[in-house]
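First comes the structure, then the notes that go with it.
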Amino acid sequence: MKNIKVETKILTKNEQKAKYLRMLFRENNVLVLNFLSSPGSGKTSLLENILPILKEKYNVGVIEGDLATEHDAERIRQVGVTCYQINTHGACHLESNGIEKALSAFSLDELDILIIENVGNLVCPASFDLGEDYKIVLISTTEGEDKPIKYPTVIRASSAMIINKTDLLQVLDFDVEKCKDYAKGINPDIEIFETSCKTKAGINDVVNWIEEKYHAKTGLCRS
């Protein structure tokens, strides 16, 4: 019983900070995306593909979540995008308090899009509001098409699902349509994309979706 009370207190404190962050992002017209996945699904590789396209039009920043290393942040910086590293030292998710501290690395009034690459985990990150506009979950074709029904909370919390590593479909038994049906059965409104960082298939579809969400938030016309 005590554990339930502690968890409730942590989530309440996190949600209060997330509410403040959401107001801050809205005042500065910053679109915030929170990418979630299990380890190895290809979040960083996907960002390495979409960031060079986005930064041609927008000021983009990235917050990286990792248990112990700065390896992924270094890969993002190689793309030429400002990236702030949060090491959780064992914690399996990012919290809104950490996001607020990370904002010291950015000029919010100059930022258009902030991308959060959460810690590789499909459980805890789904429950923590970081003040983002959208959660986006990646499912890799190497994981099995039943991931959505095994982790329904993250599907329910996400606005988009990306099926990544589609170039491997020819050698795997992953059933794309069944994966989509599982996800739609949990969240009928979830938008679904298929991508391969190797062949670049579907990368522009994700970029276009992000651009649409940015312009919808800021009220600006697409150029």
Side-chain angles (χ1 to χ4, degrees), residues 4 7-8 10-12 14-15 18-19 22 31-47 49-50 65 92-96 113 115-217:
I4 294 174
E7 183 180 350
T8 300
I10 290 172
L11 287 174
T12 300
N14 183 79
E15 287 169 5
K19 186 177 180 181
R22 187 166 285 108
L31 176 72
V32 184
L33 307 172
N34 184 4
F35 280 76
L36 316 177
S37 81
S38 53
S41 294
K43 290 195 302 299
T44 308
S45 295
L46 182 71
L47 295 184
N49 278 270
I50 65 174
C92 59
H93 60 276
L94 296 178
E95 297 183 13
S96 55
I113 300 171
I115 292 177
I116 300 167
E117 182 177 351
N118 217 310
V119 177
N121 187 322
L122 285 176
V123 182
C124 299
S127 300
F128 281 81
D129 185 356
L130 303 182
E132 75 273 13
D133 293 290
Y134 302 101
K135 284 182 172 67
I136 303 168
V137 60
L138 268 75
I139 304 291
S140 167
T141 57
T142 58
E143 298 177 72
E145 67 271 355
D146 58 352
K147 268 291 190 293
I149 54 174
K150 284 185 173 179
Y151 299 90
T153 301
V154 73
I155 297 298
R156 201 171 290 118
S158 297
S159 299
M161 180 178 82
I162 298 172
I163 301 174
N164 196 30
K165 302 186 183 180
T166 55
D167 53 287
L168 297 176
L169 284 171
Q170 56 186 327
V171 295
L172 297 172
D173 293 328
F174 188 96
D175 188 326
V176 173
E177 294 309 314
K178 187 175 285 187
C179 184
K180 290 179 179 178
D181 288 344
Y182 284 147
K184 287 286 186 180
I186 296 164
N187 180 357
D189 296 325
I190 197 166
E191 297 191 59
I192 302 176
F193 301 94
E194 299 175 33
T195 59
S196 165
C197 295
K198 185 174 182 180
T199 68
K200 314 302 180 189
I203 297 298
N204 285 331
D205 294 335
V206 177
V207 171
N208 290 339
W209 184 84
I210 293 172
E211 284 195 277
E212 287 173 5
K213 297 304 182 187
Y214 172 75
H215 290 286
K217 179 170 185 175

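What you are looking at is a predicted structure, and each value in this text was computed from that prediction instead of being measured. The figures that follow rest on heavy atoms only: side chains count, while hydrogens, waters and symmetry mates do not.
Side-chain contact between Cys179 and Ile163 is present, with at least one heavy-atom pair separated by less than 4.5 Å. Within the 4.5 Å cutoff, the side chain of Leu46 has heavy atoms near those of the Cys197 side chain. A 4.5 Å side-chain heavy-atom check between Val137 and Phe35 finds every atom pair outside the cut-off. Residues Ser158 and Asn187 fail the side-chain proximity criterion, which asks for heavy atoms closer than 4.5 Å. Contact of the Leu172 side chain with the Thr142 side chain is registered, since non-hydrogen atoms from C-beta on lie closer than 4.5 Å.
Leu169 pairs by the side-chain contact (heavy atoms from CB on, under 4.5 Å) definition with Thr141, Thr166, Phe174, Val176, not counting sequence neighbours. Among residues two or more places apart in sequence or in another chain, the side-chain contact (heavy atoms from CB on, under 4.5 Å) test is passed with Lys19 by none. Residues forming a side chain to side chain donor-acceptor pair (under 3.5 Å) with Asp129 (at least two apart in sequence, or on another chain): Arg22. Contacts of Lys147 classified as side chain to side chain donor-acceptor pair (under 3.5 Å), with partners at least two apart in sequence or in another chain: none. With sequence neighbours excluded, the residues that form a side-chain contact (heavy atoms from CB on, under 4.5 Å) with Ala157 are Lys135. Residues that satisfy the side chain to side chain donor-acceptor pair (under 3.5 Å) test with Ser38, not counting sequence neighbours, are Ser41, Glu143. Under the side chain to side chain donor-acceptor pair (under 3.5 Å) criterion, Ser159 pairs with no residue at all, not counting sequence neighbours.
Closest of all the heavy-atom pairs between Ala126 and Thr153 is CB-CG2, 4.1 Å. Between Ser96 and Leu130, the closest heavy-atom pair is N-CD2, 3.5 Å. Heavy atoms only, all atoms of each residue included: Tyr214 and Leu31 are closest at N-CD2, 3.6 Å. In this structure, Asn49 and Ser45 approach most closely via the heavy-atom pair ND2-O, 2.8 Å.
Sorted by first and then second residue, the side chain to side chain donor-acceptor pair (under 3.5 Å) pairs with a member in residues 168-180 read Lys180-Glu194; sequence neighbours excluded. For residues 129-172, the set of pairs meeting the ring-ring contact (aromatic ring centres under 6.0 Å, His included) definition, not counting sequence neighbours, comprises Tyr134-Trp209. Counting only residues at least two apart or in different chains, salt bridge (Lys or Arg N to Asp or Glu O under 4.0 Å) contacts with residues 149-159 comprise Asp146-Lys150.
For the 3.5 Å distance criterion, the side chains of Asn164 and Ser140 fail to qualify, holding no donor opposite an acceptor.
A salt bridge links Asp133 with Lys217; the closest basic N to acidic carboxylate O contact falls under 4.0 Å.
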Please assess Ser127 against His93 for the test side chain to side chain contact (heavy atoms under 4.5 Å, CB included), listing each intermediate value before the final yes or no.
CA-CA 9 Å; Ser127 300; His93 60 276; over 6 Å; no
